[in-house]
Peer 1: 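There's a structure below that I have some questions on.
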Amino acid sequence: MPAADPVARLAAELSDAVGAPIELERPGDPAHGDYATNAALRLAPERRQSPRELAEEIAASMASAPGVERTEIAGPGFVNLWLTDAWLVDALAAIVERGRDFGVGEPARRERIQVEMVSANPTGPITVAAARNGAYGDSVARLLEFAGHQVEREYYYNDSGTQMEKFRASVEARRRGEEPPEDGYHGAYVEELAASDEDPVPRMLEQVERTLDRFRVHFDSWALQSELEGRLDEFLPRLDTYEKDGAIWAPSSKYGDDDDRVLVRSPERGGGPTYRAADVVYLAHKLERSFDRAVYVLGADHHGTRRWYAAVAQMLGYDPARIEVLLYQLVHLTSGGEQRTMSKRRGDVVFLDDFMDEVGVDAARWYLVNRGPDQTIEIDVDLAAERSQKNPVYYVQYAHARIAGILRNASAEQNDDLLPSEPLAPEERDLIKRLLEFPATAAEATERRGPQGIPVYAIRVADDFHRFYHEHRVLGSNAEAFRLALVRATQNVIARCLDLVGVEAPERM
RNA sequence: GCGCCUGUAGCUCAGCGGAAGAGCAACGGCCUUCUAAGCCGUGGGUCGGAGGUUCGAAUCCUCCCAGGCGCACCA
């Protein structure tokens, strides 16, 4: 573990002292010390020793390690330890030294990763449902970058399928003063598009990009289905396809998919390539561009395609481990307690732009990433704006702004020794320990592809900070140098957390 | 029928092998001091149910119940 993570370094030092791997965790109850380890409980079976006895030995070995003030055996064999103020202040100094980069990962192998997200068909404006894809996917992308990887974001859109034809037909119908076809698009935006003679698709795409920019999801590249389909002949031979009922099939069931899939329709069904054909080309196109890993961000209604992508990778001769499909559950809207279904075709949707107008960009991003991807999001449209006033995002931002206020009033930095003459107060120790959790928290959120861990952690940081702020004066205090460092480190960690979920860190509120 | 996901405080949700949490809602306190968008306190839970694994299970395994989403030559 890098020296940039003081807790990891301490754990390594203790492991050396004890001669066994020591993992440290922060106990929920402060009476159980600054950190605790269950090493004795884990080791007892293989050492054929009682956990308590082993804990005694471990505690004795750790007692002399630098930074350890005292140890204690507790419960069935936990070892609780208390650290010296000097250790905590040194750790704080290490955080301050890293600045905004505290917690940056140092991966064993730096990967080049593509994250493909949103990819909604440009048949209408971005909805709140599609926004969850962006909020989730973009935060995962930011986490991967923070973990030390090189990330590119791509938007893939279907510009050649049935839905696009229906979309264009709907606009055409409006231009003729008619109702769009029954299975066409009926939203008010279709009428707006009909008012001009331009091709509605590029206009829709521009609007999509504008909306997502406002949502702080920015793309490096855009992939078009129509272009990919043109290269189908290159890849069909690599797939061991076969013909049945006049259609061309991929033998995906041999590679773990539930069924074989049609790539090219039979003549009586039009004979064109299916979207799955484009999937094949697109997947190859991703890996051809020398991405080590291609991440798909898909709504849970697409979970059936998970096996399909893995099968495609294998059929093409690629390692399926290079393909990663991230799923998130859907967004449900309620209005006055009534369930509303989101259908772009019926126009019964909440558009992201309206949602952002209503609750603000910060609350919108926070709201959509705050829940785990496996959790269905329920949004009561009527209460959204009202609730946004109480969104915890402001609690976190407020901590950042409060610190900015202190720093505005601070005089030029002096190079005093940080260690205060008085013992550290509980609020100071708690805040330092909280900040020290950040590298592990970020790493875990990245590995689990669970960005919701970041806002949850940020709330705890803000919580510890507000408590500290309430109890202790920074400027003009005897411990000013130390507290300024503490407050700076806190601000950096909060700003980083907010950035990881695409939320701004205001200087004033 | 098969597959994926979910069931934790009144509500919305974290936690996913180590000693049950947050926000909102309810009630009661705290501003001559760096931002009260803040702080402190009170009440509130058989972690859907039943078995199992483990020194230890909300967390892992099995079954059951309830809900969401899928199972196209649509995307």
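Lettering of chains follows the sequences in order, A, B, ..., and the numbering in each one begins at 1.
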Peer 1: Check the side chains of A/Glu154 and A/Tyr282 for a donor-acceptor pair under 3.5 angstrom, ignoring hydrogens and angles.
Peer 2: yes
Peer 1: Tell me what A/Gly372 touches on the nucleic acid: a base, only sugar-phosphate, or nothing, going by heavy atoms under 4.0 Å.
Peer 2: sugar-phosphate
Peer 1: With a 4.0 Å cut-off on heavy atoms, is A/Tyr275 in touch with a base, just the backbone sugar-phosphate, or nothing at all?
Peer 2: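 It contacts base atoms.
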Peer 1: With a 4.0 Å cut-off on heavy atoms, is A/Asn391 in touch with a base, just the backbone sugar-phosphate, or nothing at all?
Peer 2: nothing
Peer 1: Who does B/rC47 pair with, Watson-Crick or G-U, both distances under 3.5 Å?
Peer 2: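 B/rC47 is paired with nothing.
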Peer 1: Distance only, no hydrogens: is a donor on one side chain within 3.5 Å (strictly under) of an acceptor on the other, for A/Gln49 and A/Glu57?
Peer 2: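 Checked: A/Gln49/A/Glu57 side chains pair up, N/O donor to acceptor below 3.5 Å.
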Peer 1: With stacking defined as ring centroids separated by under 5.5 Å and planes differing by under 30°, is A/Phe78 stacked against B/rA19?
Peer 2: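 Yes, A/Phe78 stacks on the base of B/rA19.
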Peer 1: If you assign each of A/Arg467 and A/Arg42 to its closest nucleotide in RNA chain B, which residue comes earlier from the 5' end?
Peer 2: A/Arg42
Peer 1: For B/rC4, give its Watson-Crick or G-U wobble partner with both distances under 3.5 Å, or none.
Peer 2: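 Paired with B/rG68.
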Peer 1: What is the base-pairing partner of B/rU32, counting Watson-Crick and G-U wobble geometry with both distances under 3.5 Å?
Peer 2: none
Peer 1: Rounding to the closest angstrom, what is the interatomic distance between B/rG49 and B/rA75 at atom C1'?
Peer 2: 39 Å
Peer 1: NA contact type, A/His472, heavy-atom cut-off 4.0 Å: base, sugar-phosphate, or nothing?
Peer 2: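 Contact class for A/His472: base.
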Peer 1: Could you check, using the six-membered ring where one of them is a Trp, whether A/Tyr469 and A/Phe465 have ring centers closer than 6.0 angstrom?
Peer 2: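 Yes, they do, as the ring centres are separated by less than 6.0 Å.
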Peer 1: Just to confirm, is there a sub-4.0 Å distance from OP1 or OP2 of B/rA14 to any side-chain nitrogen or oxygen of A/Arg371?
Peer 2: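 For A/Arg371, the contact criterion (side-chain N or O under 4.0 Å from OP1 or OP2 of B/rA14) is not met.
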Peer 1: Between A/Arg408 and B/rU35, does any side-chain N or O lie under 4.0 Å from OP1 or OP2?
Peer 2: no
Peer 1: Applying a 4.0 Å non-hydrogen cut-off, can you work out what A/Asn80 is touching in the nucleic acid: base, sugar-phosphate, or nothing?
Peer 2: base
Peer 1: Counting only side-chain N and O atoms of A/Gln375, is one of them less than 4.0 Å from OP1 or OP2 of B/rC5?
Peer 2: no
Peer 1: Heavy atoms only, 4.0 Å cut-off, all strands: where does A/Glu23 land among base, sugar-phosphate and nothing?
Peer 2: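 Touches nothing.
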Peer 1: How far, in whole Å, is B/rC13 from B/rC63 if one measures between their C1' atoms?
Peer 2: 28 Å
Peer 1: When all nucleic acid strands are considered with a 4.0 Å heavy-atom cut-off, which category describes A/Leu475: base, sugar-phosphate, or nothing?
Peer 2: base
Peer 1: Rounding to the closest angstrom, what is the interatomic distance between B/rG52 and B/rG1 at atom C1'?
Peer 2: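 Straight-line distance between the two C1' atoms is 28 Å.
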Peer 1: Taking CZ in A/Arg508 as the centre, count heavy atoms belonging to other residues, nucleotides or ligands within less than 6.0 Å. Is the count above 12?
Peer 2: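 No, the 6.0 Å shell around CZ holds no more than 12 heavy atoms from other groups.
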Peer 1: Paired with B/rU59 by Watson-Crick or G-U wobble geometry, both distances under 3.5 Å: which nucleotide is it?
Peer 2: none
Peer 1: Can you work out whether A/Pro45 or A/Arg261 has the more 5'-proximal nearest nucleotide on RNA chain B?
Peer 2: A/Pro45
Peer 1: Would you say a side-chain N or O of A/Gln452 is under 4.0 Å from OP1 or OP2 of B/rG15?
Peer 2: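 Yes, such a contact exists.
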Peer 1: Where does B/rC31 fall, syn or anti, if syn means a chi angle no more than 90° from 0?
Peer 2: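 Syn, which is what one calls it when the glycosidic angle falls within 90° of 0.
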Peer 1: Counting any heavy atom closer than 4.0 Å, what does A/Arg508 reach on the DNA or RNA strands: base, sugar-phosphate only, or nothing?
Peer 2: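 Base contact - A/Arg508 has a heavy atom under 4.0 Å of at least one base atom.
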Peer 1: Just checking A/Val456: base, sugar-phosphate only, or nothing, at a heavy-atom cut-off of under 4.0 Å?
Peer 2: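 Here A/Val456 touches the backbone only, sparing every base.
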Peer 1: For B/rA37 and A/Tyr394 - does any side-chain N or O of the residue sit under 4.0 Å from the phosphate oxygens OP1/OP2?
Peer 2: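 No, A/Tyr394 has no side-chain N/O under 4.0 Å of OP1/OP2 on B/rA37.
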Peer 1: OP1, OP2 of B/rC73 versus side-chain N and O of A/Lys244: anything below 4.0 Å?
Peer 2: no
Peer 1: Does A/Lys286 make a cation-pi contact with A/Tyr156 (under 6.0 Å, within 45 degrees of the axis)?
Peer 2: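 No, A/Lys286 does not sit over the ring of A/Tyr156.
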Peer 1: Which is true for A/Ala247 with a 4.0 Å heavy-atom rule: it touches a base, it touches only sugar-phosphate, or it touches nothing?
Peer 2: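 Since a base atom lies under 4.0 Å of A/Ala247, the category is base.
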Peer 1: What is the nucleic acid contact for A/Thr376, judged by heavy atoms within less than 4.0 Å: base, sugar-phosphate only, or nothing?
Peer 2: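 If one applies the 4.0 Å heavy-atom cut-off, A/Thr376 turns out to touch the sugar-phosphate alone, with no base involved.
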Peer 1: Under the 5.5 Å and 30° test, is A/His302 stacked on the base of B/rG70?
Peer 2: no
Peer 1: So what does A/Asp29 hit on the nucleic acid, given a heavy-atom distance under 4.0 Å: a base, only sugar-phosphate, or nothing?
Peer 2: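 Nothing, no nucleic acid heavy atom in range.
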Peer 1: Does A/Tyr395 have a side-chain nitrogen or oxygen under 4.0 Å from the phosphate oxygens OP1 or OP2 of B/rC39?
Peer 2: yes
Peer 1: Working note: A/Gln397 + A/Asp362, criterion side-chain hydrogen bond (donor to acceptor under 3.5 Å, both in side chains); need CA distance, chi angles, decisive distance, verdict.
Peer 2: CA-CA 10 Å; A/Gln397 288 182 315; A/Asp362 287 333; 3.0 Å; yes
Peer 1: With a 4.0 Å cutoff (strictly under), does any side-chain N or O of A/Arg448 reach OP1 or OP2 of B/rG15?
Peer 2: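 It does, given that an N or O in the side chain of A/Arg448 lies less than 4.0 Å from OP1 or OP2 of B/rG15.
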Peer 1: Give none if B/rC24 has no partner; otherwise give the nucleotide forming a Watson-Crick or G-U wobble pair with it, both distances under 3.5 Å.
Peer 2: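 Result: B/rG10.
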Peer 1: Taking atom types as modelled, find out whether A/His472 and A/Glu428 have a side-chain donor-acceptor pair closer than 3.5 angstrom.
Peer 2: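 No donor-acceptor contact under 3.5 Å links the two side chains.
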Peer 1: Tell me yes or no: between the side chains of A/Gln225 and A/Asn158, is some donor less than 3.5 Å from an acceptor?
Peer 2: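 Distance-only check passes for A/Gln225 and A/Asn158.
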Peer 1: Does B/rA36 have OP1 or OP2 under 4.0 Å away from a side-chain N or O of A/Arg402?
Peer 2: yes
